[in-house]
Every structure is written in structure tokens, then in C-alpha cells.
Trainee: 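Dumping the structure here so I can ask a few things about it.
Note that the coordinates shown come from a computational prediction; the quantities given were computed from them, not determined experimentally. Every chain is numbered from 1 and lettered A, B, ... according to where its sequence line falls, protein lines coming before strand lines. Computed from heavy atoms alone, side chains included, the values below leave out hydrogens, waters and symmetry copies.
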Protein chains: 2
Amino acid sequence: MTQLQRRKIPDAAIARLPVYLQILNNLAATNVLRFSSDELAALAGVNAAKVRKDLSYLGSYGTRGVGYEVTYLTHQIKRELGLMREWNVVVVGAGNLGCALAKFDGFLSRGFPVIAIVDNDPKKIGRTTSSLTVGDVKDLKSIVRDEKISIGVITTSSAASQAAADALVEAGITSILNFAPVVLSAPSSVSVRSVDLGVELQILSYFEQMRLETGSKSEIAPQLNTAGAR
Amino acid sequence: MTQLQRRKIPDAAIARLPVYLQILNNLAATNVLRFSSDELAALAGVNAAKVRKDLSYLGSYGTRGVGYEVTYLTHQIKRELGLMREWNVVVVGAGNLGCALAKFDGFLSRGFPVIAIVDNDPKKIGRTTSSLTVGDVKDLKSIVRDEKISIGVITTSSAASQAAADALVEAGITSILNFAPVVLSAPSSVSVRSVDLGVELQILSYFEQMRLETGSKSEIAPQLNTAGAR
DNA sequence: AGGGCTTAGTGCATTAATTCACAAAGTCAA
DNA sequence: TTGACTTTGTGAATTAATGCACTAAGCCCT
């Protein structure tokens, strides 16, 4: 009815679509043309009904009795996730992690080229790391404009992370991936996603501890990650 | 009734406890002694009832009319998460990301010292990165035993990640943090948590795309991450 | 042409997570 | 000691996510 209305896809499903996409890429690389929801479910480690339901949010792109076509579904997932184009990335914070991410192959290969890296430390500005020269965070606004950058990645210290976020917002960025262990505040029009590597280990620690306490007879719950951004 | 039975804490709550802990550390650093669920909720960006319910899984550690004590609650959360001790970490894969994580301050500072880093590439074995010498993945078993390592972090290429996981399991590791964009298979007695940095950007891309299509009038859903391990 | 087989799509029951809203339990001031 | 005020802890309602089980559709073989 309502024209142009995008299907509202549940957050939990959105978080799984990239996983399916990754698996489809692998299937394509091994010349698989078709697959069933059962097969994809096994590869993704989830329930087959969930796979079918997730894919059904995209539309009705399978064939009953046959399955889904790898290339066609790949296309549909990429369209839904906005991956028909590249999104340029700027890294804020040229420390260990920032420089590693600037070089990180997994960003470029999935359509997120790191175009620029900036810092506020005069000692770091001007250094070169893998074909990128560290810029001044003060120039963020012009860099973002000139290089058509959409996404900012924060790899500063905790202390500097909110200032980095403010600078990104000020520069017109609307999507932020934050690695600092801080709950950032930003306008609600900006998507913020935080990955705290320490938290990941702490969650593992919880299960490790539990194993010790219970004598490892307890089951380990499946990993579930929900999409969403603040 | 059942003695020694650990309260079953929902996965979603476990994933939030480290966030609360981080905030409590900040409060302690600024000499705050007490806080209310409302205050913590504001700092964590969640609902106050959720904070209270999450904390209630630990026990009844607040005081009605007053709030919670920073140091006492910090202690309780750490106890629950198994953070009263350190957990030694080995990094498998001495590429950009692996080396950066080996140096990464956020691991050590939260009680997860990286004790060793290994690779299978003879060209990398023997190199030194921030006081650690890259070891041979073949020696993983003895390294894990001798250094009392509990957690393995996989930063290899996708192609090598399953072999790395197998090697870790073979070496007796029961908790794995995987950065390769692959769904690893491992015995159910082993906790596996995957962080795919590309996926994080793809999720942001989805919202970015949505903003473009809808003219940015749509609300952005809050980030939700659920704990668990496979 | 028809019947058996396979698999997508989905309504519905179940389970998990969130949020509301209020009683219980404390503080503090007079 | 009482009464006003604050804030926890938690039943109960709500919302979201999951998974079952069945229907609808298409393929393939005879």
C-alpha cells in the first residue's frame, strides 16, 4: 500500500545477512550455483527456518523444490545492505589498532576502502602507513568533503573518543564504528556501532569461569549478535 | 534448592555487564561512591529498569532509597564475569591485526595479557613485536601448557582460520575469539565468539543506505549485542 | 499427464528480552 | 516516631525473536 516503504527487517536478521553473504561468496568461489536453506543453515550454524525467514524479508527470491541461486541472492542481499557501491572510510586515531585497520584487507575487500587516517598528535601527523599519510584531525571536515567519506572509525584512546566522535559528526559523518570502550553520545541521526574488544574477552571469561565452577557440564549458548546502531 | 546452582543469567544481560563495569571504573576514577540505576542507565544508554533487572541477576546488592555502591558492585560484576583473576591469551596469526592486538593496551588493562603470538609462516616466526617473539604454531600445545593460556585469539586469513581453531582446540584451549570472517566449527565444549569487522561496517552500511532511501527521516534502532559463544 | 519428491514461504506456538508500574525498604528531617 | 521522599527489586504485560510444522509450488521420472 504505502509506496516505497521499505520492509522493516528485524535487527537480528540484519545482523545475519552479512554472514550469509560471506558464505555465498565462498560458495560462488567454489562454483556452487544453487543451495537450499538447509545447506546455508548448516554452513551458518543456524536453524533452516530462520534462514528462510531471514531471506524472505528480502523478497521471495527462492524456487520451491529447488532452492536459491547463489549469484541472484548475493545480489539481493548486497542491494538490501547497501553494498552495491563502496563506502569510503576515515580512521580517527593512528595508534596500533588504527594503523592496523587502515591496512586491514577485510575492509577494502568488502567495499569499505580506508581513504584517510587522522590523529591529533603532532608526532604522528605526517607519518606514512601503507600508502596513507596520517592527517590532522583538524582537517577532518575538508577531508570528509573532498574524499566523499561516509563512515568514521574511531580507534583513539577512551579519553579522546568522544572528541573524535564530535569531530566526525561536525564533519558531516553519519555512521561511526567505535573501538574505544566508551558509550559515545551523538545525535540520533547518526548511527553509532561500538565494538569493544575487551568486552568480547570478558564474555568468554564468563563462560570459562562457568565451566570451572560447574565442572564443564553446562552447555554453551550460541553466539547471537543483533544489529542496530545508536 | 539445588545447591551451588549458578543463577542463569540471560545472554543479553551478560553482554551488558562488561559495559556497566567499564562505566563503574570511570565513576571510581572520578571518586564517585554511589549511583542510582537511573544514573547508570543514562551513562550506558539503556532503560533504568533494564539496569536494575540486569544487576538483580547478580544478587540484591543495592540499597533501596540510596542506590548502589561503586566499589562493591564492581566487585560483584567482576566476580560474576570471572574477572577476579587474569586469563592469559595467545594470538594465532602474526599479521597486521594480530600484531596490533598483541600490543593492544585494552587487553592487558582488562586482565587479558597476551602471553604469546604464533604463526605458521616461517618468514614471520622469530620476528619480535613489542617484547613478544612470534612462535611456531606447531609449538602451540607446549606454549599453552607452559604459559597456562586459557584464551586463543584468531587473526589469521580466512583460509587458515579453521586450521588455527583446530590447533587451539588440540592444544587444550576452551575459549576462542575469532576475527576471521568464517563460521568456525569446534566442539560444543569450546566457546567460540566471532567478531567480523567487515560485518560491522556492513551493518552501518545498511542504515546509511536506508537514510539515503527514506530521506533520513527514519529512526535508528539502538545497538544491541547479545552474549553467548558457540 | 500424473504422481512422487523436494524445498521455499509462512502462520502460529513458544521462548527470550524488554519495559512498565508498583510494593517494599530504606533515608532523612522535623 | 512519624511521614515525606527516594530508589530498589520484581511480578506482570508487552514486544521481539525463534523454531515448528504445514501448505504451496516447482522439478523430474515414468
Trainee: Are S60(B) and dG9(D) close enough that a side-chain N or O sits under 4.0 Å from OP1 or OP2?
Mentor: yes
Trainee: Five pairs per end, C1' atoms only: what is the angle between the end axes of the helix from dA1(C)-dT30(D) to dA30(C)-dT1(D), to 10 degrees?
Mentor: 10°
Trainee: Tell me the closest heavy-atom pair linking L58(B) and R79(B), and the distance in Å.
Mentor: O-NH2, 4.1 Å
Trainee: Under a plain distance cut-off of 3.5 Å, with no hydrogens placed, do Q22(A) and R110(A) share a side-chain donor-acceptor pair?
Mentor: yes
Trainee: Grab the two heavy atoms, one from G82(B) and one from S205(A), that are nearest each other, plus how far apart they are.
Mentor: O-OG, 3.2 Å
Trainee: Of all the nucleotides listed (dT10(C), dA21(C), dG9(D)), which has the minimum atom distance to the side chain of R52(A)?
Mentor: dT10(C)
Trainee: Given atom CG of L58(A) and atom P of dG9(C), what is their separation to the nearest angstrom?
Mentor: 10 Å
Trainee: Could you tell me the separation between the CZ atom of R16(B) and the C1' atom of dA17(C), rounded to a whole number of Å?
Mentor: 8 Å
Trainee: Without swapping roles, check the side chain of S36(B) against the backbone of V66(B) for a donor-acceptor pair under 3.5 Å.
Mentor: no
Trainee: When you measure from the side-chain N and O atoms of R64(B) to the phosphate of dC22(C), is any distance below 4.0 Å, counting only OP1 and OP2?
Mentor: no
Trainee: Looking at the side chain of N47(A), which of dG26(D), dT8(D), dG19(D) is the nearest nucleotide?
Mentor: dG19(D)
Trainee: Expressed as a whole number of angstroms, how long is the span from L55(B):CG to dT19(C):P?
Mentor: 15 Å
Trainee: Let me know the distance between CD1 of I9(B) and P of dT18(C), rounded to the nearest Å.
Mentor: 14 Å
Trainee: Tell me the interatomic distance from D38(B), atom CG, to dC20(C), atom P, rounded to whole angstroms.
Mentor: 12 Å
Trainee: Look at S37(A) and dA8(C) and indicate whether a side-chain polar atom (N or O) is within less than 4.0 Å of OP1 or OP2.
Mentor: yes
Trainee: For V46(B) and T63(A), take the nucleotide of DNA chain C holding the closest heavy atom to each; which residue's nucleotide lies nearer the 5' end?
Mentor: T63(A)
Trainee: Using atom CZ of R34(A) as one end and atom C1' of dT6(C) as the other, report the distance to the nearest whole Å.
Mentor: 12 Å
Trainee: Whole-Å distance between dT7(D) P and L73(B) CG?
Mentor: 16 Å
Trainee: By nearest heavy atom, map G65(A) and G65(B) onto DNA chain D; which one lands nearer the 5' end?
Mentor: G65(B)
Trainee: Let me know the distance between CD of Q76(A) and P of dA8(C), rounded to the nearest Å.
Mentor: 16 Å
Trainee: Side chain of K50(B) only, heavy atoms from C-beta on: which candidate in dA8(C), dT10(C), dT18(C) is closest?
Mentor: dT18(C)
Trainee: Do R16(B) side-chain atoms and A44(B) backbone N/O form a donor-acceptor pair below 3.5 Å?
Mentor: no
Trainee: Within the structure shown, what part of the strands sits under 4.0 Å from A12(A) by heavy-atom distance: base, sugar-phosphate, or nothing?
Mentor: sugar-phosphate
Trainee: Do the side-chain N or O atoms of Y68(B) get closer than 4.0 angstrom to the phosphate oxygens (OP1, OP2) of dG26(C)?
Mentor: no
Trainee: Is the side chain of Q162(A) donor-acceptor paired with the backbone N or O of S185(A) at a distance under 3.5 Å, no angle test?
Mentor: yes
Trainee: Can E208(B) and S175(A) be said to form a side-chain hydrogen bond (donor to acceptor under 3.5 Å, both in side chains), step by step?
Mentor: CA-CA 7 Å; E208(B) 194 69 28; S175(A) 289; 2.4 Å; yes
Trainee: Which heavy atom of L168(A) sits nearest to which heavy atom of I154(A), and what is that distance?
Mentor: CD1-CG1, 3.7 Å
Trainee: Can you check whether any acceptor in the base of dG19(D) is under 3.5 Å from a donor in the side chain of K53(A), or vice versa?
Mentor: yes
Trainee: Name the closest nucleotide to the P10(B) side chain, picking from dA21(C), dT18(C), dA17(C).
Mentor: dA17(C)
